[in-house]
K.L.:
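The structure is given below, and queries will be raised subsequently.
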Amino acid sequence: MKYLKYLLVAWLISFGLSCSKFLDVQPRDAVSDEQTIIDKTSANTALRGVYRKLAADNYYGTLFQTFGYLPGDNVQWTGSQSVIQQFITHKINADNGNLQSVWSAIYATVNAANHIIAKVPGVQDATFTTAERRQIVGEAYFIRALCYFDLARVWGNVQITLTPTQSASDKSDLKNSSQAEVYAQVLNDLNAADSLLIPPASANPVRANQETVWALKARYYLYQGDWAQAVTYAGKVLADKSNYVLQRPYSAFFSPASAVATKESVFELSYSATYPNSHRNSWQPPVNSGTRQWAPSDAFVALVNDPLIGGNRNALVAKTSAGLWYGNLYYRSSPAVDPTYVIRIAEVYLIRAEALAQQGKTEDAKKDLDAIRDRAGLQPTTADSKEAVLLAIENERRVEFAFEPHRWFDLVRTKRAGAVLNLTDTRLYLFPIPANEIALANGNLKQNPGYE
């Protein structure tokens, strides 16, 4: 199956794709991947490469994030390209180029993690301690878990590959797994990471640790509707008040420009002058050397500027002298080194709040909800029933994570997309598998229902 070909370049050096097919094969005269993880130094270099793939433009750097907010109701597209508009109108074609780009980027990250998981345990290097090996492999398991979590919530029925791709044909018969099977793999990888990693000695949100795993487990169990486990794992993270603290005011975790790797972040991705974050260009207006390809919707501008709803979170938006509203979460330039926020401690509070409310523990849920409201400069919630508290949490998440990849996935997982977005065809809650992948799979990869 040609879909599973991967260009086995010397990723120790560049860790980059040179072809859209995530498993295209490298020519025989290039450096074999067998030579890339041979000692402690190359193992660490390989791990840095996995993080770089995770942070790439087509994954958490920019494009994957749009899958989480463009189909929602917080963001509008200011351009005319149909490739973007399809996500906003929920009429995504299988030949949409962004689908292919994100699919390839995620599977490239999976493959890079697979190399570490398979090879690091067997590396012969006397200076490479057991603790160091466990840390590197544990981080790779965590990143692979995050990849499959994203694949499951975007496409659902995808292929699971757990070993490095070595040739054009070694995975030619790989078929779709069900969404439930993909989520099961997420938990398997999280459990593996949990057993290998340890809690952080100090705040370092740019590297995965055991508490990072617990945070993603809390999110995973929320998606699965396992409220008790979501409460348990969120609570384990929230108990570490030395490393994770809500920053005050709301904007303190992203402003001023020196605010990076704050205690707001449980997990964020860092950038540099060498590897800048392109996300800001799509948000900032031309006057700030951006393109403003997407902008806050009129409805969101009204919400965030309402002092009883947005509070001090109105720092998320700004307006040009010409009256154009734009998102201001990503704003740094020369170089653009805005972090990407993957898991914030605010999300962990709201995960526990929602799981508690689902269990009927509304007073406890309101305490976590009000922690977020208080940080935003708002009064405690007036919600007084399970249904009202759940709606208040939904509305809080909408504003709190407006320009982060949550809103669409939240509405899908809570089965609220129909009521909020008037999207009643549940088949559209999963995206179409890229047409190129279907065409090249020799019948082994099936399209999601609704996109035949």
Side-chain angles (χ1 to χ4, degrees), residues 6 11-12 15-17 22-23 33 36-37 42-61 63-65 68 102-121 132-154 158-165 182-198 200 204-220 223 237 261 265-271 275 277 339-344 405:
Y6 180 68
W11 54 276
L12 174 61
F15 298 93
L17 289 175
F22 89 89
L23 289 179
D33 182 71
T36 62
I37 301 179
S42 57
N44 278 295
T45 302
L47 181 63
R48 287 194 294 271
V50 181
Y51 277 101
R52 184 54 53 202
K53 288 180 183 296
L54 187 66
D57 287 352
N58 288 340
Y59 200 1
Y60 273 95
L63 206 53
F64 168 77
Q65 293 208 56
V102 173
W103 176 283
S104 297
I106 296 178
Y107 273 110
T109 310
V110 168
N111 197 59
N114 285 344
H115 279 283
I116 288 176
I117 292 167
K119 297 176 182 178
V120 167
E132 290 168 335
R133 293 172 192 268
R134 289 172 64 86
Q135 179 69 33
I136 289 175
V137 176
E139 289 179 71
Y141 270 117
F142 169 80
I143 292 172
R144 193 173 76 178
L146 179 60
C147 290
Y148 279 118
F149 183 84
D150 292 336
L151 287 165
R153 58 181 176 162
V154 174
V158 302
Q159 297 146 309
I160 298 175
T161 174
L162 304 179
T163 58
T165 298
V182 180
Y183 272 127
Q185 183 59 48
V186 172
L187 185 57
N188 287 341
D189 283 349
L190 287 175
N191 286 337
D194 200 348
S195 70
L196 292 167
L197 297 174
I198 61 175
N204 182 22
V206 301
R207 293 282 298 272
N209 59 64
Q210 190 176 43
E211 292 177 354
T212 321
V213 176
W214 294 343
L216 187 54
K217 276 190 172 183
R219 185 195 285 178
Y220 165 86
Y223 272 66
V237 180
S265 284
V266 180
F267 185 54
E268 73 177 41
L269 299 172
S270 62
Y271 296 82
Y275 295 103
N277 188 344
T340 287
Y341 308 101
V342 182
I343 306 174
R344 291 198 284 115

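Note that these values count all heavy atoms, side chains included, but never hydrogens, waters or copies made by symmetry.
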K.L.:
Rounded to the nearest 0.5 Å, how far apart are CD1 of Ile106 and NZ of Lys53?
P.N.:
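Those atoms lie 13.0 Å apart.
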K.L.:
Just say parallel, tilted or perpendicular for the rings of Tyr183 and Tyr223, cut-offs at 30° and 60°.
P.N.:
tilted
K.L.:
Provide the closest heavy-atom pair for Ala43 versus Val120 in the form atom of the first, atom of the second, distance.
P.N.:
CB-CG2, 4.0 Å
K.L.:
Rounded at 0.5 Å granularity, tell me how far OG in Ser195 sits from CG in Leu190.
P.N.:
11.0 Å
K.L.:
Side-chain contact, heavy-atom cut-off 4.5 Å: Arg207 with Leu47?
P.N.:
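With C-beta onward as the side chain, the pair touches.
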K.L.:
Verify, without hydrogens or angle tests, whether Tyr271 (side chain) and Ala55 (backbone) share a donor-acceptor contact under 3.5 angstrom.
P.N.:
yes
K.L.:
For Val50 and Thr109, run side-chain contact (heavy atoms from CB on, under 4.5 Å): C-alpha distance rounded to whole Å, both residues' side-chain angles, the deciding distance at 0.1 Å, then the answer.
P.N.:
CA-CA 6 Å; Val50 181; Thr109 310; 4.2 Å; yes
K.L.:
I would like to know whether Trp103 and Val158 meet side-chain contact (heavy atoms from CB on, under 4.5 Å); could you show each step before the answer?
P.N.:
CA-CA 10 Å; Trp103 176 283; Val158 302; 3.9 Å; yes
K.L.:
Indicate whether any N or O donor in one side chain lies under 3.5 Å from an N or O acceptor in the other, for Tyr275 and Arg52.
P.N.:
no
K.L.:
With side chains defined as the heavy atoms from C-beta onward, is the minimum distance between Gln185 and Asn188 less than 4.5 Å?
P.N.:
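Heavy-atom side-chain distance check passes, below 4.5 Å.
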K.L.:
Backbone N or O of Asp194 within a donor-acceptor pair of the Gln210 side chain at under 3.5 Å?
P.N.:
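Here the side-chain-to-backbone pair exists.
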K.L.:
Would the distance check show the side chain of Thr340 and the main-chain N or O of Tyr60 forming a donor-acceptor pair, the cut-off being under 3.5 Å?
P.N.:
yes
K.L.:
Can you find a pair of side-chain heavy atoms, one from Thr161 and one from Tyr148, that are under 4.5 Å apart?
P.N.:
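Yes. Closest side-chain heavy atoms under 4.5 Å.
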K.L.:
Check whether any side-chain heavy atom of Pro121 lies under 4.5 Å from a side-chain heavy atom of Val137, and answer yes or no.
P.N.:
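They are in contact (side-chain heavy atoms under 4.5 Å apart), so the answer is yes.
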K.L.:
If you compare all heavy atoms of Pro205 against all heavy atoms of Ser265, which two are closest, and at what distance to 0.1 Å?
P.N.:
CB-O, 3.3 Å
K.L.:
Checking side-chain contact (heavy atoms from CB on, under 4.5 Å) for the pair Phe267/Leu146: CA distance, chi angles, key distance, verdict?
P.N.:
CA-CA 11 Å; Phe267 185 54; Leu146 179 60; 4.3 Å; yes
K.L.:
Give the minimum heavy-atom separation between Thr212 and Ile343, together with the two atoms involved.
P.N.:
O-CD1, 4.4 Å
K.L.:
Taking the side chain as C-beta and beyond, is there a heavy-atom pair between Leu187 and Asp189 under 4.5 Å?
P.N.:
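Not in contact.
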K.L.:
Is the backbone of Ala208 close enough, under 3.5 Å, to the side chain of Gln135 for a donor and an acceptor to pair up by distance?
P.N.:
yes
K.L.:
At what distance, to the nearest 0.5 angstrom, does OH of Tyr141 lie from CG of Leu196?
P.N.:
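Those atoms lie 7.0 Å apart.
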K.L.:
Run the numbers on Tyr59 and Cys147 for side-chain contact (heavy atoms from CB on, under 4.5 Å), then give the verdict.
P.N.:
CA-CA 10 Å; Tyr59 200 1; Cys147 290; 3.8 Å; yes
K.L.:
Hey, are the side chains of Tyr107 and Leu151 touching, using non-hydrogen atoms and a 4.5 Å cut-off?
P.N.:
yes
K.L.:
To the nearest 0.5 angstrom, please state how far the CG atom of Leu269 sits from the OH atom of Tyr51.
P.N.:
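If we round to the nearest 0.5 Å, Leu269:CG and Tyr51:OH are 8.5 Å apart.
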K.L.:
Which heavy atom of Val266 sits nearest to which heavy atom of Ala215, and what is that distance?
P.N.:
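That closest heavy-atom pairing would be CG1-CB, 3.8 Å.
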K.L.:
When you measure from the side chain of Arg344 to the backbone N and O of Glu268, does any donor-acceptor pair fall under 3.5 Å?
P.N.:
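Not a single qualifying donor-acceptor pair exists.
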K.L.:
Is there a side-chain contact between Ile116 and Ile136 (heavy atoms, below 4.5 Å)?
P.N.:
yes
K.L.:
Using a 3.5 Å distance criterion without hydrogens, assess whether the side chain of Glu211 forms a donor-acceptor pair with backbone atoms of Val237.
P.N.:
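No; zero donor-acceptor contacts below 3.5 Å.
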K.L.:
Between Phe64 and Arg153, what is the shortest heavy-atom contact and its length?
P.N.:
CZ-NH2, 3.8 Å
K.L.:
Using a 6.0 Å cut-off, check whether atom CG of Leu162 has over 12 heavy atoms from anything other than its own residue.
P.N.:
yes
K.L.:
Which heavy-atom pair separates Ala113 from Ala140 by the least distance, and what is that distance?
P.N.:
CB-O, 3.7 Å
K.L.:
For Asn114, does its backbone N or O pair with a side-chain atom of Arg144 as donor and acceptor, under 3.5 Å?
P.N.:
no
